[in-house]
Amino acid sequence: DFDVVYIYQLSPVLMGIPGILYKKLARKKVFLYCCDLWPESVKIMNIREKSVVFRVLKAISTFIYRNCDRIGIQSKAFYRYFKEAHDIEQDKLCYIPQFADSAYLEKDFNVPHEGFNFVFLGNIGIAQNLDCLVKAAALLKDLNGFKVHIVGDGSYLEKMKELVQDNSLEDKFIFYGRRPVSEMTKFYCLADACLLTLEGKSIIGQTIPSKLQGYMAAGKAVAAAIDGAAQGVILEADCGRAVAAGDADGLSGIMRDMVLHAEKYQACGSHGRRYFTEHFTKEHYIDRTEKEMKALVSGGII
């Protein structure tokens, strides 16, 4: 009795195949919401475009995406990728930003404490380009009174710890490992500003990491080295400062200014929360998705 097949596509893209089969069997429309671009995502694992594995994955990805009747994308940068990689026109796509938990919007995380604390929350992988953060901190050895708190786990964690040791930054970095969601309140209370870095060598670097929305909902200023849509959101929302992905010098300059002139960034939190409320709530996401699916079933276009 269902009206449309909905696919929430993370990785791997193969999860889309059952949805395509349902489409064929039930003769229904398919709406796919794309969170991870394929086969672009596998480049992080050093799988080259000319390799047999990549070409096979590209063929499978193209088959899945082309068999969807409507594709929701979480970043406007995806428009170009779908055209160039899969020859899918823009009129088959619709921009629907990912939502984030609104629970932090009403909480007060401004707890007095000594010093200035930068907090990074989330996955610690190659794509997060945390080398940039370590290099930025190394440029601040002359600056006292700040700490960098790393909350999370991932494939790059041990390498990051090595980089911290190699740069003699053990007194600046504190690693907490993976922590339960119930403890996030504690770390947001600790944070004077939150950190965001991402590699910028591929289209993946043009996305909006979900941690940015969490930072904004919590009312925290953002210091970022990131490209694309995420940098655009930070600047448009006026919730912090951002430089290009991999720009360690620029990131260190932001961090230095935040430590020395914290009063300049006091309004960033409220700006971020206002922008979040206007763009990133679950209600916005569900309303837009529902309208797209209804239009798909009725044959209309929004």
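For the residue pair Lys24 / Asn67, a side-chain donor-acceptor distance below 3.5 Å is found, with atom types taken as modelled.
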Do Asp238 and Arg274 pass the salt bridge (Lys or Arg N to Asp or Glu O under 4.0 Å) test, and can you show the C-alpha distance, the side-chain angles, and the key distance before you say yes or no? CA-CA 10 Å; Asp238 192 20; Arg274 182 177 64 246; over 6 Å; no
side-chain contact (heavy atoms from CB on, under 4.5 Å), that's the test. Do Met255 and Met258 meet it? Break it down for me. CA-CA 5 Å; Met255 294 171 70; Met258 285 185 167; 5.7 Å; no
Evaluate ring pair (Phe, Tyr, Trp, His ring centres under 6.0 Å) for Tyr79 paired with Tyr95, printing each intermediate quantity in order. CA-CA 9 Å; Tyr79 283 120; Tyr95 171 58; 7.4 Å; no
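Residues Met216 and Tyr275 share a closest heavy-atom pair of CE-CD2, 3.6 Å. When every heavy atom of Ala224 is checked against every heavy atom of Ile254, the shortest pair comes out as O-CD1, 4.0 Å. Between Ala248 and Ala136, the shortest heavy-atom contact is O-CB, 3.5 Å. Taking both residues in full, the closest heavy atoms of Ser168 and Lys141 are given as CB-NZ, 4.2 Å, listed atom of the first, atom of the second, then distance.
No more than 12 heavy atoms of other residues, nucleotides or ligands sit less than 6.0 Å from atom NZ of Lys76. Within 6.0 Å of the CG atom in Asp1, the count of heavy atoms belonging to other residues, nucleotides or ligands does not exceed 12. Atom NZ of Lys135 has 12 or fewer neighbouring heavy atoms from other residues, nucleotides or ligands inside a 6.0 Å radius. Counted within 6.0 Å of CD on Glu278, heavy atoms from surrounding residues, nucleotides or ligands total more than 12; the atom is thus considered enclosed.
For the atom pair CG of Leu212 and CZ of Phe276, the computed distance is 10.0 Å after rounding to the nearest 0.5 Å. Note that NZ of Lys58 and CD of Glu49 are 8.5 Å apart. Values are rounded to the nearest 0.5 Å.
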Return a table of donor-acceptor pairs under 3.5 angstrom between the side chains of residues 146-164 and protein atoms on other chains or two or more places apart.
from: Lys147; atom 1: NZ; to: Asp171; atom 2: O; distance (Å): 2.4
from: His149; atom 1: ND1; to: Tyr176; atom 2: OH; distance (Å): 2.8
from: His149; atom 1: NE2; to: Asn117; atom 2: OD1; distance (Å): 2.9
from: Tyr156; atom 1: OH; to: Asp131; atom 2: OD1; distance (Å): 2.6
from: Tyr156; atom 1: OH; to: Asp131; atom 2: OD2; distance (Å): 3.1

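Listed by first and then second residue, the ring pair (Phe, Tyr, Trp, His ring centres under 6.0 Å) pairs that reach into residues 54-73 are Tyr65-Phe82, Tyr65-His86, sequence neighbours excluded. Residue pairs meeting the salt bridge (Lys or Arg N to Asp or Glu O under 4.0 Å) criterion with at least one member in residues 178-197, sequence neighbours excluded, are Arg179-Glu183, Glu183-Lys186. For residues 242-253, there are no side chain to side chain donor-acceptor pair (under 3.5 Å) pairs, not counting sequence neighbours.
No side-chain donor-acceptor contact under 3.5 Å links Asn167 to the backbone of Ala138.
For Tyr8, the side chain to side chain donor-acceptor pair (under 3.5 Å) partners at least two apart in sequence or on another chain are Gln98. Residues passing the side chain to side chain donor-acceptor pair (under 3.5 Å) test with Gln128 are Asn123, sequence neighbours excluded.
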